[in-house]
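Quick note on labels: first sequence line is chain A, next is B, and so on, each numbered from 1.
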There are 2 protein chains.
Amino acid sequence: MSTAAREPEPRANSIAATIRERGQRVTPQRMAVIEEFLTRRDHPSVEQIYRSVSERFSMMAVSTVYDTLRLLVELGEAVEVSAGGSETRYDPLTGDHCHLICTQCKQVIDLDMPGDAEAKLSPAAVERVGFAAERVIVQAYGLCAQCRSTASTRTS
Amino acid sequence: MSTAAREPEPRANSIAATIRERGQRVTPQRMAVIEEFLTRRDHPSVEQIYRSVSERFSMMAVSTVYDTLRLLVELGEAVEVSAGGSETRYDPLTGDHCHLICTQCKQVIDLDMPGDAEAKLSPAAVERVGFAAERVIVQAYGLCAQCRSTASTRTS
DNA sequence: CTCGTTGCAAATCATTTGCAATGGA
DNA sequence: TCCATTGCAAATGATTTGCAACGAG
């Protein structure tokens with residue numbers, strides 16, 4: 001809608017720096033994916049990023065988007081969100097929060113979480129089975145506000 | 001290992017009854033899938049169920065397994081577990097518990113959860129965005145005991 | 001006989017693999 | 001030049017669709 005095209009995106013630069021530090025290359029494809037990913041306010045899927053990016057920059061394959069997002073996850077700059085069996089979504093927010101996933105429109109809504117995620121499950125019990133938890137996630141499936149009102153209109 | 005073949009499985013009968021009550025049919029394919037699903041102690045994928053069942057009963061397509069598991073989920077007799085982007089697993093345990101998912105071997109471990117799942121996220125905050133949560137899930141990704149010891153043997 | 005239900009083959013969609021091209025040392 | 005890294009086309013794997021056969025009323 002507005003001139004969303006060329007904001008400097010300081011975070012993109014910092015990510016680029018990290019990639020260079022690791023001895024990896026900062027290529028136009030990677031930057032295009034990273035910029036698009038950081039700019040969005042939703043939780044885009046690979047396909048969505050691919051579509052937006054390939055409009056402006058046609059040298060781009062879907063698998064490159066996969067590669068780049070996987071790299072971002074490795075760097076801790078993105079989090080995978082499996083939106084209920086369907087397409088995987090990616091979230092640039094890395095802090096403690098959880099996800100509300102609409103089972104109808106597949107939208108993912110962020111929700112701040114009171115307290116630490118680890119605390120959500122009993123550490124003693126986890127210990128007992130010898131499991132080393134790296135990441136604890138809390139998600140709720142249900143209907144978002146829009147889909148709720150649509151559902152009540154058309155008698156399901 | 002033992003004669004696991006023909007236990008009566010009271011729960012299978014009760015599910016069959018529910019299906020009939022809904023005016024749907026209790027077919028051999030469905031019963032084969034349901035029996036196999038309830039008998040297993042792991043959290044089988046569609047593919048795993050398909051393989052076991054089609055050994056004994058060759059009139060069986062993978063998509064029928066999908067159909068039947070979807071029906072079980074609808075009946076509240078199964079729960080989908082998306083084991084980290086890969087194949088979906090199904091859990092016959094319906095009570096309050098959470099899942100530890102090994103990112104290496106994809107094994108899913110059940111863990112009793114102290115307290116109610118809903119309580120894990122702030123109801124007030126959920127309300128504020130107008131979301132109607134149906135099911136709250138808590139999962140941890142990490143390494144199971146076996147994969148941990150294997151990993152430390154071979155220098156990752 | 002009729003019409004909703006079922007099972008399945010084939011189609012589709014998401015993701016991974018393998019390899020040719022690239023570019024920094 | 002050399003070799004690790006990159007991007008991508010093609011392959012694979014998971015899931016859905018569409019439709020022929022079935023069976024209860």
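- Regarding M31(B), its CE atom lies at a distance of 12 Å from the P atom of dG7(C), rounded to whole Å.
- Spacing between atom CZ of R30(B) and atom P of dT5(C) amounts to 10 Å, rounded to whole angstrom units.
- Nucleotide dA24(D) holds its P atom 15 Å from the CD1 atom of I19(B), rounded to whole Å.
- In this structure, of dT15(C), dT5(D), dC8(C), it is dC8(C) that holds the atom nearest to the side chain of M60(B).
- Salt bridge annotation for E47(B)-R89(B): absent, with no cationic side-chain nitrogen under 4.0 angstrom from a carboxylate oxygen.
- Using a 4.0 Å cut-off between charged side-chain N and carboxylate O, E35(B) and R56(B) make no salt bridge.
- Regarding K106(A), its NZ atom lies at a distance of 12 Å from the P atom of dT15(D), rounded to whole Å.
- At least one donor-acceptor pair closer than 3.5 Å links the side chain of T94(A) to the backbone N or O of G76(A).
- One interatomic measurement links the two molecules: CD of Q48(A) to P of dT15(C), which rounds to 12 Å at whole-angstrom precision.
- Judged by distance alone, the side chain of H43(B) and the main-chain N or O of V108(B) form a donor-acceptor pair under 3.5 Å.
- Atom CD in Q29(A) sits about 12 Å away from atom C1' in dA21(C), given to the nearest Å.
- One interatomic measurement links the two molecules: CZ of R89(A) to P of dA14(C), which rounds to 11 Å at whole-angstrom precision.
- With dG7(D), dT17(D), dA9(D) as the candidates, the nucleotide lying closest to the side chain of S63(B) is dT17(D).
- Closest approach to the R25(A) side chain among dG7(C), dT22(C), dA14(D) is made by dT22(C) (side chain taken as heavy atoms from C-beta onward).
- Of the residues near DNA chain C, R70(A) and D67(B), the one whose nearest nucleotide (by heavy atom distance) lies more toward the 5' end is D67(B).
- Of the listed nucleotides (dC8(D), dA14(D), dT6(C)), dA14(D) has the atom at the smallest distance from the side chain of E87(B).
- Atom pair L69(B):CG and dG7(C):C1' shows a separation of 15 Å (rounding to whole Å applied).
- A sub-4.0 Å separation between OP1 or OP2 of dA14(D) and a side-chain N or O of T88(B) is absent.
- Between Q24(B) and dA24(D) there is no side-chain N or O to OP1 or OP2 distance below 4.0 Å.
- Checking the phosphate oxygens (OP1, OP2) of dG7(C), a side-chain nitrogen or oxygen of T27(B) falls inside 4.0 Å.
- When side chains are defined from C-beta on, M113(A) counts as touching V138(A), because their heavy atoms get closer than 4.5 Å.
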